[in-house]
Amino acid sequence: MGANSSSISELPENEYLQKLSGSEPISENDPFWNQLLSFSFTTPTNSADLKLLEEATISVCKSLVEKNPRTGNLGSLIKVFLSRTKELKISAECQNHLFIWQAHNALFIICCLLKVFISQMSEEELQLHFTYEEKAGPSSYGTECEDLIEELLCCLIQLIVEIPLLYPCQHTDSNWWKWLCSWYRGRYSGGVTSALGDITYSISLEAVTTLIVFLSCQLFHKEILRESIIHRYLMHGRCLPYTSRLVKTLLYNFIRQERSPPPGAHVFQQQTDGGGLLYGIASGVATGLWTVFTLGGVGSKSSAQLEQCSPLASQSLLLLLVLANLTDAPDIPNPYRQAIMSFKNTQDNTAFSSSNPHAFQINFNSLYTALCEQQKSDQATLLLYMLLHQNSNMRTYVLARTDIENLVLPILEILYHVEERNSHHVYMALIILLILTEDDGFNRSIHEVILKNITWYAERVLTEISLGSLLILVVIRTIQYNMTRTRDKYLHTNCLAALANMSAQFRSLHQYAAQRIISLFSLLSKKHNKVLEQATQSLRGSLGSNDSPLPDYHFWEMSDCLHFSETKLRHAQDLNVIEEVIRMMLEIINSCLTNSLHHNPNLVYALLYKRDLFEQFRTHPSFQDIMQNIDLVISFFSSRLEQAGAELSVERVLEIIKQGAVALPKDRLRKFPELKFKYVEEEQPEEFFIPYVWSLVYNSAVALYWNPRDIQLFTMDSG
């Protein structure tokens, strides 16, 4: 191997990597680290890049795992990284701008090594690798045993919250950073943005990625981790005071969506004064050894693609979701979730509760805008769900927005393209709608927002429709899709709950929305008749006679049910489910008729047009009560239409309905309890959310790769 090495296959023979993973301990003061860390490379940008790198260096990692107990070289590398960051923060007089460059390179190597260590050993074994003392020479940390895991975790968090990305002098009061900005501005014609901003972006991204890797031990356990060593460090001790700042920074990273610098943009160029010893190393031996990290572009994104995405925003959001879904410690609730639950708008001047030390303020307008723009990703939809469900300040703000369509339309589009989305994404979108429809103000306002030319709605050209009518159309379409494909009772329940919450405030329903409500009932009616026939045949077969009269299935005795096979029992269960759905649909129609009939002539028209559908349910014991009002409305308006004569135009029928709505004796309509459903998380929600979040990390994290054969938390088809 030599200075001109450019093949990734030669990495295992690299003399510097061999020394790092060899049998000889390396002091943290050894010049070796300057040689190892002064390299220039394009950071891998996706899992394909990292897979190639990991496969090429697996022998190096295995050697380090085996020999580190005797050498302590992993600890030395981490101490070198910590010293670089400490010197950068506290020494305003230090005029060597390579500190942040070397810190980034050290962190990249640490992250790669940690990922392999964590995938191959328990947390207890990992902790031991952090406690092995290097044997070569005095330590700059003294003789006391440092807790390197806590030290490293705290340093990573400090890097994330304290390093601004671009023109940091405008965003921080830190004296050392102001000095560094000024110094860079004088040294580089491209300014801070082109030199310092690019490398700080990269080290911020690397710090976020390393924290995710630290927490990735969950991937290698089937059960949910509740007593994790890493979790304990993050929820106690030195990391705890940074909770709110970390959550706030991750949120702002998501909000800003800063584009990543183009590949190689953060590489420092040699200056006219020669650049010193380390530049010579970087441009000589080390550069040749590490340029293989560009990976020849294999499996990586093009520059044009990279400009269209924000790796830091994406990775920050994933880390935020992971932190927010950590299980509570025995003695303390998850502080990251507490911070998410309690942050306020920067415009809110009310005092924070003394019971929550993790509260902070953030610009709600900026956060709302980012949420509206990013809903195509599962992660952003999950974040929106968490904020609406857990943060009452954010929920109140969202519901008060006059441009609520900017948020609702992307959610409806997710549901509309249900066949292209994973089930979890659809669930989150639907639950968001359910949470929003709990508010009567939302249910009224969506019928006042008029939309034009909804291009993604393909069933019918919608040149003009209210947001409320569009919401009804999409939810009904989701129900119909579920009936024919997934047959998920949970999905049905939440769809119907959202419609039920809205029903009393239905206003000026679009004729197509009104038709779809009745068409859905028609579909349910047909399915009910089919399931009823199957259930009846099953019981007849069980009783052994084709001629014997059967009791009404609502009055079947337990002795009848004892004859059921498993298949026949399923028919009875299917019948029960379909009747629950039919009952719900009748209640939704009834709620609209009793509360806002005069606002919805199109629904009355559709009801009269398909009046025969409701005949079979008039005397049905499960629907008799709710059918009284619907039957009264049908009879009342049918009588008025008969009096008006035959062959009436659509316009004339609607006119008669509008006139009749005023004359309808509303005191004859039976009062029913208001339809209101509230979303409540099931017990132990972590059993759903933690595998879901980690499946998002596995599939979406920037430049992170795990061997799918090692994953225990979820199956690959659920990721």
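Small disclaimer: the values here were computed from a predicted structure and weren't measured.
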Tightest non-hydrogen contact, residues A339 and F360, listed as O-CE2, 3.8 Å

Does atom NZ of K51 have more than 12 heavy-atom neighbours from other groups under 6.0 Å away? no

Please work out whether the ring planes of H129 and F117 are parallel, tilted or perpendicular, with thresholds of 30° and 60°. perpendicular

Looking only at atom types and distance, does a side-chain atom of Q218 sit under 3.5 Å from a main-chain N or O of L225, one as donor and one as acceptor? yes

Before accepting this row, confirm whether a basic side-chain N of the pair K79/E151 lies closer than 4.0 Å to the acidic partner's carboxylate O. no

Under a plain distance cut-off of 3.5 Å, with no hydrogens placed, do D331 and H236 share a side-chain donor-acceptor pair? yes

Could you tell me whether the side chain of Y252 and the main chain of N363 form a donor-acceptor pair under 3.5 Å? yes

Side chain to side chain contact (heavy atoms under 4.5 Å, CB included) for R238 and L153? Distances and angles first, verdict last. CA-CA 9 Å; R238 297 175 57 189; L153 286 170; over 6 Å; no

Donor + acceptor pair across side chains of E24, T71 (<3.5 Å): no

Distance check, rounded to the nearest 0.5 Å: L20 atom CG versus L113 atom CG? 6.5 Å

Ignoring hydrogens and angles, tell me if any N or O in the side chain of T210 forms a donor-acceptor pair with the backbone of C111 under 3.5 Å. no

Check whether N391 reaches the backbone of I340 with its side chain - one donor and one acceptor, N or O, closer than 3.5 Å. yes

Give a yes or no answer on whether the side chain of N699 reaches the backbone of S695 with a donor-acceptor pair at less than 3.5 Å. yes

Evaluate the criterion side chain to side chain contact (heavy atoms under 4.5 Å, CB included) for residue pair W706 and V697; output intermediate values, then yes/no. CA-CA 10 Å; W706 289 276; V697 174; 3.9 Å; yes

Ignoring hydrogens and angles, state whether a donor on the side chain of T209 or Q315 is under 3.5 Å from an acceptor on the partner side chain. yes

Can you measure from CD1 (I109) to CZ (F81) and round to the nearest 0.5 angstrom? 11.5 Å

So, does W33 use its side chain to make a donor-acceptor pair with the main chain of S76 at under 3.5 Å? no

Does the pair R337/D328 count as a salt bridge with the N-to-O cut at 4.0 Å? yes

As a test of understanding, state which of L323, L319, L317 forms a side-chain contact (heavy atoms from CB on, under 4.5 Å) with L321. L317

Taking every heavy atom of S244 against every heavy atom of A359, the minimum-distance pair comes out as CB-O, 4.3 Å

Examine distances only and state if a side-chain atom of Y705 and a backbone atom of L53 form a donor-acceptor pair shorter than 3.5 Å. no

Nearest-0.5 Å distance, CD1 of residue I229 to CD of residue E123: 5.0 Å

Can E686 and T327 be said to form a side chain to side chain donor-acceptor pair (under 3.5 Å), step by step? CA-CA 7 Å; E686 65 274 9; T327 55; over 6 Å; no

Is there a donor-acceptor contact under 3.5 Å from the side chain of N393 to the main chain of F343? yes

So which heavy atom on G22 is nearest to which on N73, and how close? O-ND2, 4.3 Å

Is there a donor-acceptor contact under 3.5 Å from the side chain of T85 to the main chain of L82? yes

Shortest non-hydrogen separation from Q127 to I149 and the atoms involved: CA-CD1, 3.9 Å

Heavy atoms of S700 and L318 approach each other most closely as C-CD1, 4.1 Å

For the backbone of F254 and the side chain of Q257, can you confirm whether one donor and one acceptor N or O come within less than 3.5 Å of each other? yes

Is it true that the side chains of Y242 and Q158 contain a donor and an acceptor less than 3.5 Å apart? yes

